[in-house]
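Remarks on the structure that follows.
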Number of protein chains: 2
Amino acid sequence: MLQVWALDGIREITPGDDLVRVILDAVDAAPGADTALQDGDIVVVTSKIVSKAEGRIIRADDREDAITRETVRLVASRTSPTGHVTRIVENPLGIVSAAAGVDASNTPEGTVLLLPVDPDASARRIAEGLRSVARVGVIITDTLGRAWREGQTDHAIGAGGIHVFEDLRGTTDAEGRPLVVTQPCVADEIAAATDLVKGKASRRPVAIVRGRGDLVGDLDLPGARSIVRNPERDMFRQGADEAYAEGFAAGRAARA
Amino acid sequence: MLQVWALDGIREITPGDDLVRVILDAVDAAPGADTALQDGDIVVVTSKIVSKAEGRIIRADDREDAITRETVRLVASRTSPTGHVTRIVENPLGIVSAAAGVDASNTPEGTVLLLPVDPDASARRIAEGLRSVARVGVIITDTLGRAWREGQTDHAIGAGGIHVFEDLRGTTDAEGRPLVVTQPCVADEIAAATDLVKGKASRRPVAIVRGRGDLVGDLDLPGARSIVRNPERDMFRQGADEAYAEGFAAGRAARA
């Protein structure tokens with residue numbers, strides 16, 4: 001049985017706040033003895049409050065400027081009939097997403113939030129702090145769109161003390177043949193599960209997942225950075241229109 | 001509180017099996033009164049057993065042939081240094097995935113499984129049958145890889161009697177501004193959550209999700225087909241190498 005619940009009563013986070021303290025206070029305030037942190041629990045934190053605690057809030061009258069500054073590589077862009085430009089970009093963490101993780105919701109007017117500088121380090125730090133109470137793993141999440149599918153789901157952008165993949169390589173199926181699907185990204189699946197209890201409009205930025213203590217491990221396990229595919233290995237490292245345009249220019253030049 | 005558990009004791013499924021009966025028998029055999037199906041539960045079924053029940057098992061000495069036959073459109077392909085070809089294709093359901101959903105694991109030697117012909121119809125049929133007991137929603141899942149990220153996660157490829165998106169359009173944040181992220185794909189998040197309890201190597205192809213009864217609705221709600229992005233709207237409808245090559249050829253021709 002997997003149990004997933006969100007912590008209530010987490011106040012607005014401001015720069016310098018100690019998230020370990022905030023989480024432990026919210027756990028203590030939760031009703032019921034079985035909601036106390038236990039060994040093997042996974043604590044899932046929305047990146048927004050990590051960014052706020054780490055002071056990653058900047059003045060930006062123009063969100064587009066902030067996106068440009070957070071962009072390492074433009075992957076694709078498209079202009080809607082109304083003139084709105086959607087940019088899919090790679091951010092300094094290697095994550096491909098719309099708007100480089102720049103977030104203008106639930107922030108004071110005239111400011112935007114950037115993603116944590118190193119969410120894996122943040123997750124490890126929070127896990128280390130929480131381990132004064134129980135041996136938990138920590139995942140930091142962001143909401144990301146996907147290729148080929150409408151809508152968004154929550155993904156892991158930081159991880160500390162938890163296996164991000166369930167490694168089934170070498171496992172065989174019931175007929176004794178090797179499994180072809182080999183690497184379930186359990187960190188992303190855990191992130192997705194917690195979005196079902198956190199809500200987007202409400203202030204419930206922390207959730208607990210109980211029942212997969214087998215995934216919790218040492219603090220020096222690889223972080224969520226290991227989920228990011230190297231662009232060289234990525235068949236979709238660039239949008240189709242952008243790649244076509246580059247090819248077209250090269251084809252013209254090749255004749256010249 | 002969200003609760004997620006898998007049903008034990010589901011036997012090997014063969015063509016013609018009544019999945020409604022199979023699921024209800026497994027529910028009845030589960031220990032504990034609170035595991036009986038309740039209104040608002042979401043029943044999540046791996047596509048593999050739906051395919052088997054619907055007889056979508058075909059003789060195929062060559063899995064590659066089966067993939068070719070299930071391919072509506074080649075999206076991208078890549079040959080590894082060892083000569084293995086990975087094909088990302090669009091299947092008849094519009095779903096972009098490796099191998100068109102053709103599955104050769106946990107099938108008798110010399111055969112492969114194809115995806116259900118119409119997983120939304122299958123999900124609605126199962127939901128309708130289960131509603132003789134409780135008003136549940138049904139999701140049918142498949143394991144899919146992703147652009148930009150390593151590993152696989154489970155996704156919804158069929159849905160019956162459940163909202164596949166949580167519609168937050170028009171919702172405002174705590175500061176009263178419209179939320180930018182507007183359409184969490186809850187069906188994919190539910191699919192991902194259940195992969196955490198189903199396991200890949202074990203025979204636990206059905207899971208129950210309890211705690212989001214608000215998502216359960218009429219049987220004529222849009223299915224998982226509505227999650228598939230129209231290729232015309234998709235910036236990643238073609239692999240970067242393929243688009244570049246097309247552009248290159250067009251650029252050469254334009255000079256000629």
Side-chain angles (χ1 to χ4, degrees), chain A residues 1-5 76 78 88 96 104-106 143 146-153 165 168 171 173-175 177 179-181 183-186 188-190 192-193 195-197 200-201 203 212 227-229 234-241 243-252 254-255, chain B residues 1-5 76 78 88 96 104-106 143 146-153 165 168 171 173-175 177 179-181 183-186 188-190 192-193 195-197 200-201 203 212 227-229 234-241 243-252 254-255:
Chain A
M1 173 80 77
L2 193 78
Q3 293 174 301
V4 189
W5 68 93
R78 180 168 282 189
I88 310 295
V96 175
S105 63
N106 279 311
T143 303
R146 301 88 53 85
W148 319 317
R149 297 176 78 79
E150 299 288 350
Q152 304 87 28
T153 55
F165 294 109
L168 298 175
T171 309
D173 67 12
E175 313 283 325
R177 286 165 305 188
L179 278 177
V180 174
V181 166
Q183 259 202 331
C185 184
V186 282
D188 279 346
E189 294 185 324
I190 291 166
D195 192 39
L196 295 166
V197 299
K200 281 278 176 299
R203 281 218 178 103
R212 286 302 309 265
I227 304 172
V228 174
R229 181 171 289 150
D234 197 332
M235 294 189 245
F236 302 93
R237 66 192 172 281
Q238 192 177 30
D241 288 344
Y244 183 96
E246 268 190 20
F248 191 91
R252 281 185 88 109
R255 297 274 306 190
Chain B
M1 172 82 76
L2 194 78
Q3 293 174 301
V4 188
W5 68 94
R78 179 167 284 189
I88 310 295
V96 175
S105 65
N106 279 311
T143 303
R146 303 86 55 84
W148 319 316
R149 297 175 80 78
E150 299 286 352
Q152 304 86 28
T153 55
F165 295 109
L168 298 174
T171 310
D173 66 12
E175 312 284 325
R177 285 165 307 188
L179 278 177
V180 174
V181 167
Q183 258 203 331
C185 184
V186 283
D188 279 346
E189 294 184 325
I190 290 166
D195 192 40
L196 295 164
V197 300
K200 280 278 175 300
R203 280 216 180 105
R212 285 304 307 266
I227 303 172
V228 174
R229 182 171 287 150
D234 197 331
M235 292 188 246
F236 302 93
R237 66 192 171 281
Q238 192 177 31
D241 289 344
Y244 183 94
E246 266 190 23
F248 191 91
R252 280 184 93 105
R255 295 272 309 187

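Treat the numbers as computed from the prediction; the structure is a model and nothing was measured.
- When the candidates A147(A), G239(A), G247(A), C185(A) are compared by the number of heavy-atom contacts under 4.5 Å with chain B, G247(A) comes out ahead.
- Among D241(B), I88(B), L196(B), the residue with the largest count of heavy-atom pairs under 4.5 Å with chain A is L196(B).
- Rounding to the nearest 0.5 Å gives a distance of 11.5 Å between CZ of F236(A) and CZ of R237(B).
- A193(B) and L2(A) get closest at one heavy-atom pair: O-CD2, 4.2 Å.
- Residue A254(B) comes nearest to F248(A) through the heavy atom pair CB-CZ, 3.7 Å, listed as atom of the first residue, atom of the second, then distance.
- Legend: residues meeting side-chain hydrogen bond (donor to acceptor under 3.5 Å, both in side chains) with D234(A), ordered by chain and number and at least two apart, are absent.
- A donor-acceptor pair under 3.5 Å links the side-chain atoms of Q152(B) to the main chain of Q183(A), judged by distance alone.
- Most heavy-atom pairs under 4.5 Å with chain A, from the set G151(B), A249(B), A240(B): that is A240(B).
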Test E150(B) against F165(A) for side-chain contact (heavy atoms from CB on, under 4.5 Å), laying out the working first. CA-CA 9 Å; E150(B) 299 286 352; F165(A) 294 109; 3.8 Å; yes
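- The parts of I190(B) that come within reach of chain A are both its backbone and its side chain, each placing non-hydrogen atoms under 4.5 angstrom from that chain.
- Heavy atoms only, all atoms of each residue included: M235(B) and A76(A) are closest at SD-CB, 3.8 Å.
- A pairwise comparison of heavy atoms in W5(A) and M1(B) identifies CE3-SD, 3.6 Å as the closest pair.
- Chain B forms the most heavy-atom pairs under 4.5 Å with one residue out of R149(A), R78(A), R146(A), and that residue is R149(A).
- Among residues two or more places apart in sequence or in another chain, the side-chain hydrogen bond (donor to acceptor under 3.5 Å, both in side chains) test is passed with R212(B) by E166(B), D214(B).
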